[in-house]
Amino acid sequence: MRSLTKASVFLGAFVTRLSGRTPEESHGNDEVFLSVNTDAREGNVSSPLLYGAMFEEMDHSGDGGIHAQLLRNNGFQGSDPDLTAYKPIGDVDISVDPLRPVSNAINASLQVTVPKDVTGFVGFANTGYAGVPVTNATYQNSFWMMGEYNGTVTVQLVGSSSGDVFVTYNLSVESTEKEFRRFETSFNSTRAAEDGDNEWRLLFDGALVNGSFLNIGLVELFPPTYKGRANGLRDDVAKFLEASKPTFLRIPGGNNIEGLSIPKRWIWNNTIGPTVDRPGRDGNWFYPNTDALGLDEYMWWCEDMNMTAVLAVWDGKSYGGIVSGPDLEPYVDDIMNELEYLLGPSNSTWGSLRAKNGRKDPWPLHYVEIGNEDDYTGGCPTYPDRFTQIYNAINATYPDINIIVSTGVQNCIPSPLPPGVMIDLHYYQSPDPLVGLFNQFDNFPRDRPVIIGEWGCRNTTAERGQFWSFVQGSCAEAVHMIGFERNSDVVKMTAYAPLLQNFAFTQWSPTLFGFSSNPNSLTPSTSYFIQQMFAGNKGTSVLPVNSTKDFGPVYWVASRNETTIHLKLANYGADNQTVIANIPDTRSGTLEMLAGSQFAGNKPGDIKIVPKRERIVSKGNSGNYTVEMPAWGVAVLAVV
Ligand code: AHR
């Protein structure tokens, strides 16, 4: 959970000089002349996977986030289940009932006790993840019920404060006290709520139950999902991510795979199959995880968004203990079972379970990371052996899988690393130090591929920097990404992190984007736009650029693909700069620019900084373009 640079630990020996001038050293508005060699074919090859994403359940990014299910605490998961998000409706008592579990995995239900003489419809509400978004949409709704009841159940979407009833829907149920039965329905909301202050209610006829009780469990409410998948992603959130153009997804990213203790680790086979068979767990970020967004859902997510999966496997390290040596063997077997589940034929032991769970063909999986940040939380001394044990097992069966080592700290990893193993570096930096790492890969060994599995500009102490990305920080990110692009023959993958948050549950900020239960609350950070601008304008190879100045405050990189030349520019300084670029054999294209005052940024529901796009034409079709770069501006020129 720390946020220091680790790249520099590994890379120290290779860094030749710090990057260019800091803003304080810049000398006001000068012209910078750049001449792009569009004929060159010797530039570094650019990785097609350069810009991706990392997903970790934190900030309610999954439960109450990109996973579409809207009701909170629906399975009473976690080691200390309580009534969070529930409230009684009418003259009833509600309690968590561990004696009537819905299944072996969902080991409690909600008991609704109805006093004698109660009449009319009574029940309970679930207030969701700080509210339930209500839009004009068709909702899928299900619940499990136990107790003698033969009659009408009413489900509703209601404004918690306003009392506005957006949806009332009746269904007939025949419930018995012998077992839990599942009831499923769908209903339309024809009215959207103005805010997220809404709840879902389940009501039943109190006269049929008075003096007794009903148990209800695993309530699930889904708005439309991305690509219509059952148990899928929230359509609006997923599309917002897709628009940032990620090419890979590192899952399950970050500390959350590790577990606060060994039994609380992310256990892959507890996250597959029907949600009623998923027990959930205490997550590393101090709230129960439902694991409804599980291994198969991650893989569908990758497939539906055309992203390459980068799967992290649990490698023996938790926050509360480490397993190594012979004791690790059963966990190595478990990793091999996980890989057979993903990759095995549908008649193999684990592959057949995958087929039963809805995916006949093996999943494409080419990247596996062994653990997360094994230089931290006591992992370092045993990681070289744990890594080797797991690497050998995977490599013997799946020699084509690219294996990733979870840290670049040299004394924590085997020496030498097996050929081809990728190094995962994580770092969160404030703006100036991030710019200072601009050229950290320039002299990196070209045969050691790198993934930056988590990185971003994070200013936790500075005024205005605490909550959300701001223009200077995002400009620093752009400078750093120019460094990635210049070295993308080595830097194969990068993921700005963390990815997203539900604004009502902020644990770590900034994130790439966020939202709440309010309609239209999806909010891009300035970093989101930088990722989008860079990922949307990738070349296949880097082009040499002659310049009249050294890097700083203006930074640049040029690249080409079959049709287009891209020139990316960042002005990391407090003065405007004029860039005159010569790009032979081109005439016109687009100029996209993100700029604003140094500390400006977007806030939840308050989007002030967005990129501006305009057409640009070279003077007299000469291939000469003049770009006025505002202070802290980031620009992408795409010309043909
Ligand atoms: O992204 C937040 C945390 O930072 C991750 O959980 C961890 O891997 C890193 O230290």
Side-chain angles (χ1 to χ4, degrees), residues 1-10 52-63 65-66 241 246 248-261 264-266 281-287 289 293 298 310-320 322 368-380 383 404-409 412-413 422-430 433-434 450-460 465-469 473 477 493-502 505-514 525 527-528 531:
M1 281 189 218
R2 287 192 304 159
S3 55
L4 296 174
T5 177
K6 290 161 218 169
S8 55
V9 178
F10 186 84
M54 172 282 229
F55 174 79
E56 172 176 23
E57 179 66 70
M58 68 184 297
D59 292 332
H60 277 287
S61 56
D63 290 333
I66 197 165
L241 170 63
F248 71 88
L249 185 66
R250 178 173 166 251
I251 28 117
N255 303 135
N256 200 42
I257 189 177
E258 298 179 41
L260 293 171
S261 63
K264 291 183 177 178
R265 71 194 183 280
W266 185 83
R281 58 183 273 256
D282 290 317
N284 271 54
W285 293 93
F286 311 109
Y287 61 84
N289 293 185
L293 180 57
Y298 288 147
V310 177
L311 179 77
V313 293
W314 193 77
D315 71 348
K317 176 171 84 106
S318 80
Y319 272 53
I322 291 177
V368 170
E369 176 157 8
I370 298 180
N372 177 65
E373 296 191 345
D374 279 272
D375 48 326
Y376 284 151
T377 49
C380 185
Y383 188 58
I404 303 169
V405 67
S406 77
T407 171
V409 177
C412 303
I413 59 181
M422 298 178 77
I423 299 173
D424 185 3
L425 304 174
H426 295 180
Y427 47 96
Y428 297 98
Q429 286 283 350
S430 55
L434 190 61
V450 167
I451 167 172
I452 318 283
E454 294 180 32
W455 79 282
C457 187
R458 192 164 193 241
N459 214 20
T460 49
Q466 298 205 10
F467 178 70
W468 203 236
S469 303
E477 286 162 6
M493 299 171 164
T494 66
Y496 177 96
L499 184 60
L500 76 164
Q501 65 178 284
N502 183 321
F505 301 94
T506 300
Q507 299 178 292
W508 178 298
S509 240
T511 52
L512 196 64
F513 66 103
S525 66
S527 305
Y528 174 95
Q531 291 295 317

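Numbering starts at 1 and runs along the sequence shown. Since the structure is predicted, the reported quantities are computational estimates derived from the model, not experimental observations. We count ligands from 1, going down the list as the structure has it; atoms in each ligand are counted the same way.
Residue contact check: Trp285 has heavy atoms under 4.0 Å from atoms 6 (O) of ligand 1. The distance from ligand 1 to the heavy atoms of Gly254 drops below 4.0 Å at these ligand atoms: 5 (C), 6 (O), 8 (O). Near Asn255, meaning under 4.0 Å from one of its heavy atoms, ligand 1 places the atoms 3 (C), 5 (C), 6 (O), 7 (C), 8 (O). Residue contact check: Pro498 has heavy atoms under 4.0 Å from atoms 1 (O) of ligand 1.
Not a single N or O atom of Trp508, backbone or side chain, sits closer than 3.5 Å to an N or O atom of ligand 1. At a 3.5 angstrom cut-off on N or O pairs, Tyr428 counts as close to ligand 1. Residue Asn372 has at least one N or O atom closer than 3.5 Å to an N or O atom of ligand 1.
Under 4.0 angstrom from ligand 1, there are no non-hydrogen atoms of Trp455.
Ligand 1 has no atom lying under 4.0 Å from any heavy atom of Ala497.
Qualifying ring pair (Phe, Tyr, Trp, His ring centres under 6.0 Å) partners for Trp455, counting only residues two or more places apart in sequence or in other chains: His480, Phe484. When the ring pair (Phe, Tyr, Trp, His ring centres under 6.0 Å) test is applied to Tyr383, the partners found at least two apart in sequence or on another chain are Phe387.
Centroid-to-centroid, the aromatic rings of Trp508 and Tyr428 come within less than 6.0 Å.
Checking each of Asp424, Leu311, Ile404 against Arg250 for a side chain to side chain contact (heavy atoms under 4.5 Å, CB included) leaves exactly one that passes, namely Asp424.
Atom 8 (O) of ligand 1 has its nearest heavy-atom neighbour, among Met54, Glu454, Arg250, in Glu454.
No side-chain N or O of Lys264 forms a donor-acceptor pair with one of Ser318 less than 3.5 Å apart.
Rounded to the nearest 0.5 angstrom, Tyr496 OH and Ile452 CD1 are separated by 15.0 Å. Here Asn256 contributes atom CG and Glu56 contributes atom CD; the two are 5.5 Å apart, rounded to the nearest 0.5 Å.
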